[in-house]
Asks: 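Sharing a structure, written as structure tokens. Questions coming.
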Protein chains: 2
Amino acid sequence: MPAVSDCTEMLDSETKAVETPEDHAEELRLWLRLLTCTTLVEGEVRGRLRQRFDVTLPRFDLMAQLDKAPDGMTLSDVSKRMMVSNGNVTGLVERLVESGHLDRRTSETDRRVQVIRLTKLGRAEFRRMAAEHETWIADLFADLTPKDVRELMRLLAKTKASAQKSAARRRP
Amino acid sequence: MPAVSDCTEMLDSETKAVETPEDHAEELRLWLRLLTCTTLVEGEVRGRLRQRFDVTLPRFDLMAQLDKAPDGMTLSDVSKRMMVSNGNVTGLVERLVESGHLDRRTSETDRRVQVIRLTKLGRAEFRRMAAEHETWIADLFADLTPKDVRELMRLLAKTKASAQKSAARRRP
DNA sequence: CCAAATTGTTTTAAGCCTAAAATGTTTCCC
DNA sequence: GGGAAACATTTTAGGCTTAAAACAATTTGG
């Protein structure tokens with residue numbers, strides 16, 4: 001092979017991104033598989049929550065956030081944690097206050113802020129649901145070895161960081 | 001160590017599931033991380049589709065299914081592939097037919113069945129969007145090495161199989 | 001053949017969700 | 001102090017989503 005080949009290859013690889021569209025089929029497949037897994041588990045959890053406890057998944061998720069915050073959270077905290085829009089939280093909270101699971105009060109130091117907490121009823125019901133929920137998840141992931149789980153945790157952490165970085169690049 | 005210890009351990013592990021609640025915190029964390037990754041990527045893709053092409057993610061997903069099926073698909077095919085409810089597809093298709101992206105006709109051999117296809121416009125627009133979409137995904141997963149991608153594919157395949165098995169156990 | 005079960009789709013009712021605009025409140029800083 | 005910017009929440013308009021019931025057409029098993 002002639003000595004110039006390295007140079008040619010360099011030029012090729014430098015111009016490749018411009019001249020020939022890169023192949024990202026693998027990443028695309030990965031994304032679709034990730035989505036499939038999530039949809040599968042989510043659908044299963046949604047159905048079981050409805051059948052066993054007549055509760056929706058978003059309500060359960062919101063209560064899960066509040067269970068971890070005994071002193072309550074503001075609506076924007078919840079919104080950020082759940083990665084949903086503000087307006088979405090407003091409606092969700094409204095319904096859960098209505099049903100007696102949540103307590104909502106205006107902060108005394110900042111009248112813009114609404115602080116929400118689980119009521120005694122809300123906490124009791126959530127704990128009951130969460131215990132069973134945990135066994136569903138364990139069952140859904142039952143075929144993964146502890147090593148699989150560790151490895152997935154690691155790779156998904158990397159995935160999350162990558163996606164966050166990419167999102168930040170676009171919206172600095 | 002006495003010879004009976006094996007026996008004791010066996011009994012312990014057999015009764016453990018009944019007497020002491022198992023710890024499934026790791027699986028739970030894995031599920032939450034999986035959900036976070038998906039939500040992150042999905043939100044990013046949704047936003048870019050809206051800004052760049054003024055199209056919603058579900059519409060894009062539906063067109064993606066049809067692009068892979070030049071001879072068209074029935075509504076239930078689409079519903080199964082997308083893992084959404086029948087009624088959902090009905091509405092989605094309605095809007096895409098209205099906007100001229102889809103063609104819908106009743107099957108000649110089975111009058112229950114509706115076959116939908118991309119129109120020329122629909123296919124052209126989808127191809128345009130898909131090309132850019134692929135670069136977004138590549139960018140979102142950019143920090144993963146090819147090995148990471150392979151390993152994730154493998155572990156998510158296992159995860160998918162596990163979840164499907166669990167779902168089938170409950171709904172045989 | 002024909003009733004019953006099955007299959008494919010639509011309808012219904014309710015809730016979820018988003019982006020963007022509007023409203024009210026606080027902070028910043030000149 | 002006072003106006004502008006920033007922040008927290010709600011409202012709005014539109015679309016997405018589901019489960020369940022209803023409807024229509026086909027297949028199946030006596």
Asks: Which whole-number value in Å describes the distance from B/Leu49 CG to D/dG15 P?
Replies: 17 Å
Asks: Would you kindly give the CE-to-P distance between A/Met73 and D/dA8, to the nearest whole Å?
Replies: 13 Å
Asks: Heavy atoms under 4.0 Å, any strand shown: does B/Ser79 hit a base, just sugar-phosphate, or nothing?
Replies: nothing
Asks: Rounded to the nearest 0.5 Å, what's the gap from CD on B/Glu27 to CE on A/Met153? Could you check?
Replies: 10.0 Å
Asks: So, A/Thr36 side chain and A/Leu32 main chain: donor-acceptor pair closer than 3.5 Å or not?
Replies: yes
Asks: Can you check the B/Leu75 CG to C/dT7 P distance for me, whole Å?
Replies: 17 Å
Asks: Using only side-chain N and O atoms of B/Arg59, determine if any of them is under 4.0 Å from OP1 or OP2 of D/dC16.
Replies: yes
Asks: Expressed as a whole number of angstroms, how long is the span from A/Arg105:CZ to D/dA8:P?
Replies: 20 Å
Asks: Round to a whole Å and report the spacing from CD of A/Glu108 to C1' of C/dT26.
Replies: 17 Å
Asks: Let me know the distance between CG of A/Asp54 and C1' of C/dG15, rounded to the nearest Å.
Replies: 13 Å
Asks: Whether B/Thr56 contacts C/dT18 is assessed here as follows: a side-chain N or O lying under 4.0 Å from the phosphate OP1 or OP2. Is that the case?
Replies: no
Asks: Ignoring hydrogens and geometry beyond distance, is the side chain of B/Arg112 in donor-acceptor contact with the base of C/dT7 at under 3.5 Å?
Replies: yes
Asks: If you assign B/Gln51 and A/Pro58 each to the DNA chain C nucleotide with the nearest heavy atom, which residue ends up on the more 5' nucleotide?
Replies: A/Pro58
Asks: In whole angstroms, how far is the P atom of D/dT26 from the CD atom of B/Gln114?
Replies: 12 Å
Asks: Of the candidate nucleotides C/dT26, D/dT9, D/dT26, which contains the atom at the shortest distance from the side chain of B/Asp110?
Replies: D/dT26
Asks: Salt bridge or not between A/Asp103 and A/Arg105? Use side-chain N to carboxylate O under 4.0 Å.
Replies: yes
Asks: Where the side chain of B/Arg95 is concerned, which of C/dG8, D/dT10, D/dG15 is the nearest nucleotide?
Replies: D/dG15
Asks: Whole Å only: how far is the CG atom of A/Asn88 from the C1' atom of D/dT9?
Replies: 13 Å
Asks: Quick check on D/dT9: is either OP1 or OP2 less than 4.0 Å from any side-chain nitrogen or oxygen of A/Ser76?
Replies: yes
Asks: Judged by each residue's nearest nucleotide on DNA chain D, which is more toward the 5′ side, A/Glu94 or A/Gly47?
Replies: A/Glu94
Asks: DNA chain D: A/Arg46 or A/Asn86, which has the more 5' nearest nucleotide?
Replies: A/Asn86
Asks: Would you indicate which nucleotide in C/dT10, D/dT18, C/dG15 comes nearest to any side-chain atom of B/Val84?
Replies: D/dT18
Asks: Looking only at side-chain atoms of B/Arg111, point me to the closest of C/dT26, D/dT10, D/dT26.
Replies: D/dT26
Asks: Hey, is B/Arg48 close enough to B/Glu44 for a salt bridge, meaning N to O under 4.0 Å?
Replies: yes
Asks: Is the closest side-chain donor-acceptor distance between A/Ser107 and A/Asp110 under 3.5 Å?
Replies: no
Asks: Examine C/dC17: is either OP1 or OP2 under 4.0 Å from a nitrogen or oxygen in the side chain of B/Arg50? Give yes or no.
Replies: no
Asks: Starting the side chain at C-beta, find the nucleotide from C/dT25, D/dA8, D/dT11 nearest to A/Thr90.
Replies: D/dT11
Asks: Please find out if less than 6.0 Å separates the ring center of B/Phe53 from that of B/Phe60.
Replies: no
